[in-house]
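Report on one structure; see the data block that follows.
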Protein chains: 2
Amino acid sequence: MKTADDIIDFILHGGEQYLPHLTIDSAIFGYHAQQLKILLVKLHGEDGWGLPGGFVKKQETFREAAGRILAERTGIENLFLQQFYAFGDSPYRRREQTVADLQKKVGPWLTITDDNWLLGRQISIGYYALVDFEQVSVQTDLLVEDYRWWDIQDLPHLLYDHNDMVNKALETIRLQLYHQPIGANLLPDKFTLPEIHILYETLLGKSLDRRNFPRKLFSLGLLNKLDQQRPIGPHRAPNLYEFNKANYQKALEEGIVLVM
Amino acid sequence: MKTADDIIDFILHGGEQYLPHLTIDSAIFGYHAQQLKILLVKLHGEDGWGLPGGFVKKQETFREAAGRILAERTGIENLFLQQFYAFGDSPYRRREQTVADLQKKVGPWLTITDDNWLLGRQISIGYYALVDFEQVSVQTDLLVEDYRWWDIQDLPHLLYDHNDMVNKALETIRLQLYHQPIGANLLPDKFTLPEIHILYETLLGKSLDRRNFPRKLFSLGLLNKLDQQRPIGPHRAPNLYEFNKANYQKALEEGIVLVM
DNA sequence: CCAAAAGTGTTGGAATTACACCCATGG
DNA sequence: CCATGGGTGTAATTCCAACACTTTTGG
């Protein structure tokens with residue numbers, strides 16, 4: 001989706017390639033400077049910020065679509081991606097998109113006819129992703145006017161029902177945190193104990209004991225201690241750790257019970 | 001949906017009233033004779049058993065649709081209903097329904113044209129419900145040829161991806177059990193400790209200590225002891241309990257942490 | 001040598017588990 | 001009176017939470 005012609009073709013004939021009335025929207029969480037952030041985009045023709053999203057190709061799985069959309073936006077492939085909810089109930093989504101609505105969005109250069117595939121009620125399936133902030137480089141293009149990482153404490157009013165989506169995604173992540181390990185996709189390969197500690201605190205929104213917290217991860221065999229330190233200015237250099245991939249994978253599949 | 005004419009109208013013109021390409025399917029669990037059961041239906045024109053489902057009206061929420069479909073099938077209203085997943089990835093769902101497929105299903109009396117609203121890829125949103133087995137009376141009609149409660153241990157091969165749906169629903173319920181109370185909709189208003197005990201064991205698929213189990217429910221204030229017993233043949237009559245509605249509701253909303 | 005952050009062990013209390021005997025009932 | 005299932009308390013253990021001082025580093 002690069003040139004203006006491509007976009008015109010998408011608006012008029014996208015229905016030949018994509019499923020109509022269904023989008024995937026992704027809450028992409030990244031972690032940086034001890035802050036949990038979420039990636040929002042601003043599209044040309046839209047008035048505010050929203051979650052990055054896209055349509056599902058007719059032969060594609062939801063999962064593949066979510067991965068493709070994410071790769072298009074962030075450049076990262078093979079992410080931890082999880083479906084968290086299907087959205088269709090908000091007043092915005094129950095009101096059908098009319099010819100006039102759509103015409104207003106696309107501007108006067110295109111004429112929308114009443115059989116356009118984008119008309120009607122749109123539902124959305126939400127996926128969340130946890131990414132290493134530093135690996136992401138967002139591409140702006142003819143669709144995406146701007147993008148930005150936002151503190152989740154400090155979100156603006158988002159388009160449509162996207163605030164609901166963010167809240168539901170966070171709620172799901174917090175619950176999942178008690179049954180699955182999280183972090184392998186939010187942190188760099190090698191990280192320090194304070195880093196993962198603050199990550200968990202940020203996700204759960206509460207403070208965790210500095211001495212007890214690592215014990216739980218160790219007792220589950222999730223961490224390997226490395227023989228390296230990271231210099232961090234005029235302070236004691238913290239040790240580096242990595243996830244024990246085998247145990248991490250096992251914990252993902254079989255589930256764990258964490259009490260924090 | 002009662003007469004043959006209604007059904008013909010539904011097949012030909014349902015798209016005017018319902019959202020195309022989207023169904024709601026419900027995993028309706030009931031509990032009886034110390035067995036967790038699931039309600040399956042067999043539709044006219046289909047070869048096997050599947051979950052009861054239906055379409056969403058254009059102005060209806062998913063939630064309302066799930067409730068309406070459930071009420072139509074079981075006669076129960078105002079149920080505990082929970083969305084658990086959106087299904088669209090299985091090979092069956094990615095293969096589009098063709099004119100020939102649909103024609104075969106509806107039989108030779110109707111002619112399916114290539115603009116029929118039922119053609120194409122169908123996705124489904126799964127809801128689960130927990131119901132009191134005894135309150136349910138299923139109606140057969142021109143669509144539903146037969147219905148039956150099945151032991152979940154003993155399910156047949158279901159239509160399409162419905163086995164996946166049942167498994168995902170069970171998995172979700174088991175996880176939810178640790179964070180929300182369950183039972184008010186599966187048990188009669190008054191029940192005995194052994195009944196709720198075996199219910200939890202059945203849902204979790206593991207045995208729970210007969211003396212420790214009730215203590216947890218009591219410590220959360222979920223149960224009121226009644227001054228009644230239930231005669232059960234030549235044995236000691238077990239006491240009856242009811243849920244403490246206020247605490248139950250609070251636990252539902254705020255969440256709990258159960259370790260079992 | 002100083003400021004800032006990392007690292008590390010122990011203890012008291014709470015929560016969880018494990019376990020066995022008596023009671024009530026209807027036939 | 002007997003077979004069956006219901007009811008109940010305690011002790012041992014494990015798990016969890018709370019807590020403060022020492023070490024390292026660069027400036």
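Keep in mind it's a predicted model, so treat the numbers as computed, not measured. Letters go in sequence order (proteins before strands), and every chain restarts at 1.
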For atom [atom1] of [X] and atom [atom2] of [N], their distance in whole Å:
X	N	atom1	atom2	result
B/L217	C/dT16	CG	P	13 Å
B/L208	C/dC19	CG	C1'	16 Å
A/K216	D/dC16	NZ	P	6 Å
A/L240	C/dA6	CG	C1'	13 Å
B/F191	D/dG6	CZ	P	15 Å
B/Y241	D/dG6	OH	P	12 Å
B/F213	D/dG7	CZ	P	13 Å
B/Q229	D/dG5	CD	P	19 Å

- [ ] Run the salt-bridge test on B/K42 and B/E46 with the 4.0 Å N-O cut-off and return the result as yes or no.
- [x] no
- [ ] Using the ring-ring contact (aromatic ring centres under 6.0 Å, His included) rule, pick out the option among A/Y200, A/Y31, A/F243 that qualifies with A/F191.
- [x] A/F243
TODO: Examine C/dA6: is either OP1 or OP2 under 4.0 Å from a nitrogen or oxygen in the side chain of A/K225? Give yes or no.
DONE: no
TODO: Please state whether the rings of A/Y160 and A/Y92 are parallel, tilted or perpendicular, taking 30° and 60° as the class boundaries.
DONE: parallel
Task: Euclidean distance, B/Y127 OH relative to B/Y85 OH, rounded to 0.5 Å - done: 15.5 Å
TODO: Identify, with sequence neighbours excluded, every residue that meets side chain to side chain donor-acceptor pair (under 3.5 Å) alongside B/R93.
DONE: B/D161
TODO: Quick one: list whatever passes side chain to side chain donor-acceptor pair (under 3.5 Å) with A/Q176, sequence neighbours left out.
DONE: A/Y128
- [ ] Go along nucleotides 19-27 of chain D 5' to 3' and tag each nucleotide: B for a protein heavy atom under 4.0 Å from its base, S when only backbone or sugar atoms are that close, - otherwise.
- [x] BB--BBBB-
